[in-house]
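Note: hydrogens, waters and symmetry copies are ignored here, and every other heavy atom, side chains too, is used. As the structure is a prediction and not an experimental result, all values here were calculated from the model. Sequence positions, counted from 1, serve as the residue numbers for this chain.
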Amino acid sequence: MRDFFFSFLSKITSGIEGVENEEDMLIRLIVSALVFLLLVVFRNHISKTLVWLLCRIFKGSGEKAQRAIKNSLTKPLAFFIAVLGLYAGTEIIAPSGEARKIALVVIKLGLILFVSWGAVNLINSDYSVVLKGDVSKTKKTAVKFISNISKGAVAVIAVLLILEQFGISASRIFAALGIGGVAVAFACKDTVENMLSGFIIIFDKPFEVDDVIEINGETGTVEDIKIRTTRVRAVDGSEKIYPNTVMAGAAITNWTRMKKRSFEETLWINYKHSREDIENFSAGLKKIIDTFDNVLKDDVRVNFSEYGTNALEMNMFFYVDTIKYADYQNFKNNLNLAIKAYADSSSIELAFPSNTLYFGDELKIAQK
């Protein structure tokens, strides 16, 4: 085993430039291993310390900005420190020659990944850092859309820089795209159309992030507008993904932009009630409706609308300034409970659609 180790050490020594003898190589291997292990084991602690110092430098930028820096850079920096440990160990072992060239490529790749990873994390961080307290839906939507484009740009630049390290220059890539430009343009046609539609949505603003919309019979909340698609969270909790071209060309109902919501409901009253009962019940309904603060009092209609097949029909119509669907449903619940309590207290018998069937001798009696 000992002979094998020294034989292996002798081969490494002879294969690396700048190393004098086996003893020198052994010392380099030990120091290299120690440096590598120290950086790998303590990478998280080193990363947190460096990020803390960076946050201290940008102390005046605000608490949210510092938190965004901390959350965005801690993990990428820990990864780069581990790569730096590998590079430092290789540099100690082989200060020159082919091994050092490979180590330089590795550290460059690590740096590219660190910068691109940290940049994407910063782009994904809390948008309020950019808006500086202005969280209006218009700016929020624009920031999210621009951030999606920025992430794509960062990814493209990172890929080009990585290819550059392997001897594939960006000019050669663009030259190749120029040769097959027609084919690439045809293949990317849908992507370009969706991107342009995304810009149309951002500037025309038929809807924005957090708006509740209805498209093709589906209702949901807009969660994100990306480069190619728009993400909508449906009422049932599922995520609907629509191409931006569909969203830009579809007829969309934007429920969030309603200034008021109409309420219309029909009550059925038993035919046995007199005209006076109907008038009193109608007046009582108006009083109940007026007790709700969110009802717009300028147009409240309670009418004896028609003689129905099974009952007398009372129609209620008015507007409320309650826009959110959940709040509106809560309002309907409270109103209906109040109406039911009033009907019970005033001995008004509410009717419901019904049919009477006669069998045998009962039919003869009914015909007489």
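Between D344 and K340 there is a salt bridge, since at least one side-chain N of the basic residue sits less than 4.0 Å from a carboxylate O of the acidic one. Using a cutoff of 4.0 Å between basic side-chain nitrogens and carboxylate oxygens, R257 and E208 are scored as salt-bridged. Looking at R233 and E223, a side-chain N of the basic residue comes within less than 4.0 Å of a carboxylate O on the acidic one, giving a salt bridge.
Rounded to the nearest 0.5 Å, atoms CG (L111) and CZ (F80) are 5.0 Å apart. If you take OG1 on T322 and CD on Q329, they are separated by 11.5 Å, rounding to the nearest 0.5 Å. Here the CD-OG1 distance, from E214 to T253, works out to 5.0 Å after rounding to the nearest 0.5 Å. Note that the CD1 atom of I227 and the OG atom of S197 stand 13.5 Å from one another [nearest 0.5 Å]. In this structure, CG in L86 is found 14.0 Å from CD1 in I81, a value given to the nearest 0.5 Å. Atom NE2 of H273 and atom CG of L350 lie 7.5 Å apart (nearest 0.5 Å).
Across all non-hydrogen atoms, the minimal contact from L39 to G85 is CD1-CA, 3.2 Å. Heavy atoms only, all atoms of each residue included: E313 and G308 are closest at OE2-CA, 3.9 Å. Residues I289 and L335 approach most closely at CG1-CD1, 4.3 Å, considering heavy atoms. The heavy-atom pair separating V302 from K286 by the smallest distance is CG2-CG, 3.7 Å. In terms of heavy-atom proximity, K226 sits nearest to N244 at O-ND2, 3.0 Å. Between W268 and A311, the shortest heavy-atom distance links the atoms CB-CB, 3.7 Å.
Of the possible donor and acceptor atoms, one in the side chain of N280 sits under 3.5 Å from a partner among the backbone N and O of E276. Between the side chain of N270 and the backbone N or O of K272, at least one donor-acceptor pair lies under 3.5 Å. At least one donor-acceptor pair closer than 3.5 Å links the side chain of S345 to the backbone N or O of Y342. Of the possible donor and acceptor atoms, none in the side chain of S238 sits under 3.5 Å from a partner among the backbone N and O of A234. Remark: the backbone N or O of V40 is paired with a side-chain donor or acceptor of R43 at under 3.5 angstrom.
At a threshold of 4.5 Å between non-hydrogen side-chain atoms, the residues L113 and V83 do not count as touching. Within the 4.5 Å cutoff, the side chain of I339 has heavy atoms near those of the M316 side chain. A heavy-atom distance below 4.5 Å is not found between the side chains of I323 and Y328. Here the side chains of L84 and I107 are in contact, with some heavy-atom distance below 4.5 Å. Side-chain contact between N121 and P76: present, with at least one pair of heavy atoms (C-beta onward) separated by less than 4.5 Å. When side chains are defined from C-beta on, I46 counts as touching F42, because their heavy atoms get closer than 4.5 Å. Between N315 and R301, the closest side-chain pair of non-hydrogen atoms is not below 4.5 Å. Here the side chains of F317 and N303 are not in contact, with every heavy-atom distance at 4.5 Å or above.
Side-chain heavy atoms closer than 4.5 Å link hydrophobic residues (I, L, V, M, F, W, Y) into clusters, and following such links, possibly through other members, connects I112 to V105. Under the 4.5 Å side-chain heavy-atom criterion for ILVMFWY residues, a single connected hydrophobic cluster contains both L109 and Y87. In the hydrophobic clustering of this structure, W255 does not group with I201; members are Ile, Leu, Val, Met, Phe, Trp, Tyr whose side-chain heavy atoms approach within less than 4.5 Å, directly or through other members. Under the 4.5 Å side-chain contact rule for hydrophobic residues, F199 and I252 share a cluster. V35 and V41 fall within the same hydrophobic cluster, where Ile, Leu, Val, Met, Phe, Trp and Tyr residues are linked whenever their side-chain heavy atoms come under 4.5 Å apart, directly or through other members.
Under the 30°/60° scheme for interplanar angles, the aromatic rings of F331 and F292 are found to stand perpendicular. Using the six-membered ring where Trp is involved, Y307 and F304 have ring planes that are perpendicular, over 60° apart on the 30 and 60° scheme. Aromatic ring orientation, F263 versus F318: parallel (interplanar angle below 30°, classes split at 30° and 60°).
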Taking it one step at a time, do L267 and L285 satisfy side chain to side chain contact (heavy atoms under 4.5 Å, CB included)? CA-CA 11 Å; L267 300 175; L285 290 177; 4.0 Å; yes
In sequence, state the C-alpha distance, the side-chain angles, and the governing distance for V232 and I215, and then conclude on side chain to side chain contact (heavy atoms under 4.5 Å, CB included). CA-CA 10 Å; V232 179; I215 176 172; 5.5 Å; no
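Under a cut-off of 6.0 angstrom, the local environment of NZ in K297 is crowded, with over 12 non-hydrogen atoms contributed by other residues, nucleotides or ligands. Environment of NZ in K70: sparse, with no more than 12 heavy atoms of neighbouring residues, nucleotides or ligands closer than 6.0 Å.
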